[in-house]
Amino acid sequence: MAKNKKQKVRRPSAETPKGFRDYFGAEVAERSEMLSAITEVYHRYGFDALETSAVETVEALGKFLPDVDRPNAGVFAWQDEDEAWMALRYDLTAPLARVYAQNQQFLPTPYRRYAVGPVWRNEKPGPGRYRQFYQCDADTVGSASPAADAEICAMLCDALEAAGIERGDYLIRINNRKVLNGVMEVVGLLNPDAPDEGEEARGVVLRAIDKLDRLGPDGVRALLGEGRKDESGDYTKGAGLNADQTEIVMGFVEAERETGAATCGRLRELVEASPAGLEGVAELETIAALLDAQGYSGRAKIDPSVVRGLGYYTGPVYEAELTFEIIDEKGQKRQFGSVAGGGRYDDLVMRFTGQHVPGTGVSIGLDRLLAALREKRGKAAEQVGPVLVTVMDKDRLPDYQTMVAELRSAGIRAEMFLGGGNMAKQLKYADKRSSPVAIIEGGNEKDAGIVQLKDLALGARLAAEIETNEQWKAQPAQIEVPRERLVEEVRAMIARAG
RNA sequence: GCCGGCGUAGCUCAGUUGGUUAGAGCGCUUGAUUGUGGAUCAAGAGGCCCCCCGUUCGAGCCGGGGCGCUGGUACCA
């Protein structure tokens, strides 16, 4: 009786793990092209490549210990055999800090390096947000000069243009955390003599400012004061500022003027009471002057609403935003938003060495940038597949493979059919692969010293105009050529199709 | 975390007031065509109807709970 009751095996479901994705041919090529365009710019600016391991010790990554602070928050981590905690890197900056601290004696100071690769974050994925994504970073470690920040901004402009974003389609917005801190002082949220007090409230204020473009001034006001309830019914607690304080912060956020100089002038008024704030304004002026001198003034501007999360930034911060509109899946116009960001962090290496080492750098989110470009220029041109040499006589594989070899050494992408099946099946395969040409050499052709070249691209075009099977069979998209002229004729046919 | 929507074939989805053996399109396999891609036609393979409990003579459908996916929001080094 066990016979007729088929034993059901639970089959594994073939799916990409949640938050991850697979990249197929064209996407892989597209990304690696973009990567090399960007790194070429980084290299030209004098930055050295650095490739570090994907795995770091949790200790080196710092702060985000699993099970301790927040279980399962952020990093993919596991315990090694010796019980040491390991984790996949969540960005490229923390590994840089580790490498710099570790190799300080061998590395030049300032050390300029770029790094590219995937990073992993163990958090809830959203639309367009994955748990593995590619970053492309450049940092200067060991220089406190605003010139280092200005250089990064200029380089970011060049990198975006090399990646295919046209001038005018992006904008670098620059701010300075010192100015923000100056405002905090003025509002009374920061006491320079006790910098640790009120950190939480300042965090709430920073996050509120960061949401200006999405929520608008009124939403930010609500978050600075009592709090805000959004459409989904979720309530976000505010910073609890009073009306006067709120207006001071909003005055800062909206301090942007026609020119950089005017904006700096306005900021100077706002943070007059704070020496740190004034220092920040002076840095912004220096950066603006340096960018101007290099001819970047139209592509970068000072914008007091830039915050860059909270995190470790201590000085200038910058963000690259795309300014063109795209039509999303719902048919609505929207801005694409930020594709890169960075800033100055002065304390990253201190964790390792106890020394104060300033650094500044930028990170480009490659996946977002790729998505933006795809939206902008529409669907990528269809990829052309390899020339297919069909197999007519199973015992003449060497003949077919010789043709393939000839084509390949002439630089033409080609392959012999390796599956099983008749001619119809082989041509279907060629069709699916977008092969431009199929080559047929049966016994008759062999004896006559010729081969058939089938122009698949032309045939596909003709198919659109054809009604009946007879017409289809009669279509002229196939020619006979002498065997010894194979390479030339295939090349010519591909050229006609393109 | 919080709020909402949805779970039926590989994919996109139908499925009547609860009623026999659960359907379609696409995709896949085979054939009409033993040497020619499209279109057409025919046949075939492929289902824990998310899971558990309950109601019922009877549940894909009704009730409760769970899980998963998804949209928004929060967090994001």
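What you see below is based on every heavy atom in this structure, not just the backbone, and it leaves out hydrogens, waters and symmetry mates. In what follows, every chain begins at residue 1, and chains take the letters A, B, ... in the order their sequences are listed.
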(request) Measure from CG on A/Leu223 to P on B/U73 and round the result to the nearest Å. (result) 13 Å

(message) Suppose we call a contact any N or O donor and acceptor under 3.5 Å apart; does that hold for the side chain of A/Gln426 and the base of B/U36?
(response) no

(request) Determine the interatomic distance between P on B/A22 and the same-named atom on B/G27; round to the nearest Å. (result) 25 Å

(message) Could you tell me how far apart A/Asp347 (CG) and B/A77 (P) are, to the nearest whole angstrom?
(response) 16 Å

(request) Using only heavy-atom distances, decide whether a donor-acceptor pair under 3.5 angstrom links the side-chain of A/Glu445 to the base of B/G35. (result) yes

(request) Tell me which of A/Trp120 and A/Thr236 sits closer to the 5' end of RNA chain B, going by the nucleotide each one is nearest to. (result) A/Thr236

(request) Over 60° means perpendicular and under 30° means parallel, so classify the ring planes of A/Tyr114 and A/Tyr42, tilted if in between. (result) tilted

(message) Whether A/Arg351 contacts B/A77 is assessed here as follows: a side-chain N or O lying under 4.0 Å from the phosphate OP1 or OP2. Is that the case?
(response) no

(request) Would you indicate whether A/Glu197, at its atom CD, is surrounded by more than 12 heavy atoms from other residues, nucleotides or ligands within a distance under 6.0 Å? (result) no

(message) Donor-acceptor pair, distance only, cut-off 3.5 Å: does the side chain of A/Thr246 make one with the backbone of A/Arg221?
(response) no

(message) Measuring only the C1' atom in each nucleotide, how far is B/C49 from B/G7? A whole number of Å is fine.
(response) 10 Å

(request) Rounded to the nearest angstrom, tell me the gap between atom CD in A/Glu319 and atom C1' in B/C76. (result) 14 Å

(message) Quick check for you: among B/C76, B/G35, B/U30, whose closest atom lies nearest to any side-chain atom of A/Asn444?
(response) B/G35

(message) I'd like to know if the side chain of A/Gln452 pairs up with that of A/Glu445 as donor and acceptor (distance under 3.5 Å, no hydrogens or angles considered).
(response) yes

(request) Select one nucleotide: of B/U30, B/C75, B/U36, the one nearest the side-chain heavy atoms of A/Lys425. (result) B/U30

(request) Send over the distance from A/Leu456 CG to B/G37 P, rounded to a whole Å. (result) 11 Å

(request) Give the nucleotide from the list B/C76, B/U36, B/U73 with an atom nearest to the side chain of A/Met423. (result) B/U36

(message) In this structure, how many angstroms lie between the P atom of B/G38 and the NZ atom of A/Lys454, rounded?
(response) 11 Å

(message) Are B/A77 and A/Tyr312 stacked, with the base six-membered ring and the side-chain ring centres under 5.5 Å apart and planes under 30°?
(response) no

(message) Applying side-chain hydrogen bond (donor to acceptor under 3.5 Å, both in side chains), can you list everything that pairs with A/Glu56, at least two apart in sequence or on another chain?
(response) A/Arg98

(message) Could you check whether A/Tyr318 and A/Asn176, counting side-chain N and O atoms only, form a donor-acceptor pair closer than 3.5 Å?
(response) no

(request) With ring-ring contact (aromatic ring centres under 6.0 Å, His included) as the test, would you mind laying out the steps for A/Tyr130 and A/Phe20 before giving the verdict? (result) CA-CA 6 Å; A/Tyr130 296 90; A/Phe20 292 87; 8.8 Å; no

(message) Need one value for A/Gly227: base, sugar-phosphate or nothing, where a base atom within 4.0 Å counts as base even if backbone is also close, heavy atoms only.
(response) nothing

(message) It should be established whether A/Lys18 places a side-chain nitrogen or oxygen under 4.0 Å from OP1 or OP2 of nucleotide B/C69.
(response) yes

(message) Measure CG/A/Asn422 against P/B/U36 and give the value in whole Å, please.
(response) 8 Å

(request) May I ask you to decide whether A/Asp346 forms a salt bridge with A/Arg344, counting only side-chain N to carboxylate O separations under 4.0 Å? (result) yes

(message) Suppose you measure atom P in B/U30 against the same atom in B/G37; what distance do you get, rounded to whole Å?
(response) 15 Å

(request) Rounded to whole angstrom, note down the P distance from B/A32 over to B/G38. (result) 15 Å

(request) Cation-pi check, A/Arg121 to A/Tyr90: give yes when NZ or CZ is under 6.0 Å from the six-membered ring centre and within 45° of the ring axis, no otherwise. (result) no

(request) Would you classify A/Arg89 as touching base, sugar-phosphate or nothing, given that sugar-phosphate means primed atoms plus P, OP1 and OP2, and contacts are heavy atoms under 4.0 Å? (result) nothing

(request) Using the P atom as the reference point in each nucleotide, state the distance between B/G44 and B/G25 in Å, no decimals. (result) 13 Å

(request) Report yes if at least one side-chain N or O of A/Arg228 is closer than 4.0 Å to OP1 or OP2 of B/U73; otherwise report no. (result) no

(request) Could you work out which one of B/U30, B/G72, B/A77 sits closest to the side chain of A/Glu123? (result) B/A77

(message) Without decimals, in angstroms, what is the distance between A/Asp346 CG and B/A77 C1'?
(response) 17 Å

(request) Grab the CZ-P distance between A/Arg214 and B/C75 for me, whole Å please. (result) 8 Å

(message) Of the listed nucleotides (B/C28, B/C76, B/G38), which one gets closest to any side-chain atom of A/Lys432?
(response) B/C28

(message) Categorize A/Glu441 for me: base, sugar-phosphate, or nothing, with a 4.0 angstrom heavy-atom threshold over every strand shown.
(response) nothing

(message) Salt bridge or not between A/Arg308 and A/Glu319? Use side-chain N to carboxylate O under 4.0 Å.
(response) yes

(request) Enumerate, in order of first residue number, the stems that involve RNA chain B, defined as 3 or more consecutive Watson-Crick or G-U wobble pairs with both distances under 3.5 Å. (result) B:1-7 with B:67-73, B:10-13 with B:23-26, B:28-32 with B:40-44, B:50-54 with B:62-66

(request) Name the nucleic acid region contacted by A/Lys124, choosing base, sugar-phosphate or nothing; use a 4.0 angstrom heavy-atom cut-off, strictly under. (result) base

(request) Between B/C61 and B/U16, how far apart are the P atoms? Round to whole Å, please. (result) 11 Å

(message) Of the listed nucleotides (B/A77, B/G71, B/G37), which one gets closest to any side-chain atom of A/Pro127?
(response) B/G71

(request) For A/Lys211, answer base if it contacts any base atom (sugar-phosphate contacts may also be present), sugar-phosphate if it contacts only those atoms, and nothing otherwise; contact means non-hydrogen atoms under 4.0 Å. (result) sugar-phosphate

(request) Please measure how far the P atom in B/U29 lies from the corresponding atom in B/A45, and state the result in whole Å. (result) 16 Å

(message) Nearest to the A/Gln452 side chain among B/C76, B/U36, B/A74, which nucleotide is it?
(response) B/U36

(message) Quiz question: going by heavy-atom distance under 3.5 Å, is there a donor-acceptor pair between the base of B/C76 and the side chain of A/Arg308?
(response) no

(request) Determine the contact category for A/Asp455: base if any of its heavy atoms lies under 4.0 Å from a base atom, sugar-phosphate if only primed atoms, P, OP1 or OP2 are that close, otherwise nothing. (result) base

(message) Using atom C1' in both nucleotides, what's the gap between B/C67 and B/C53 to the nearest angstrom?
(response) 14 Å

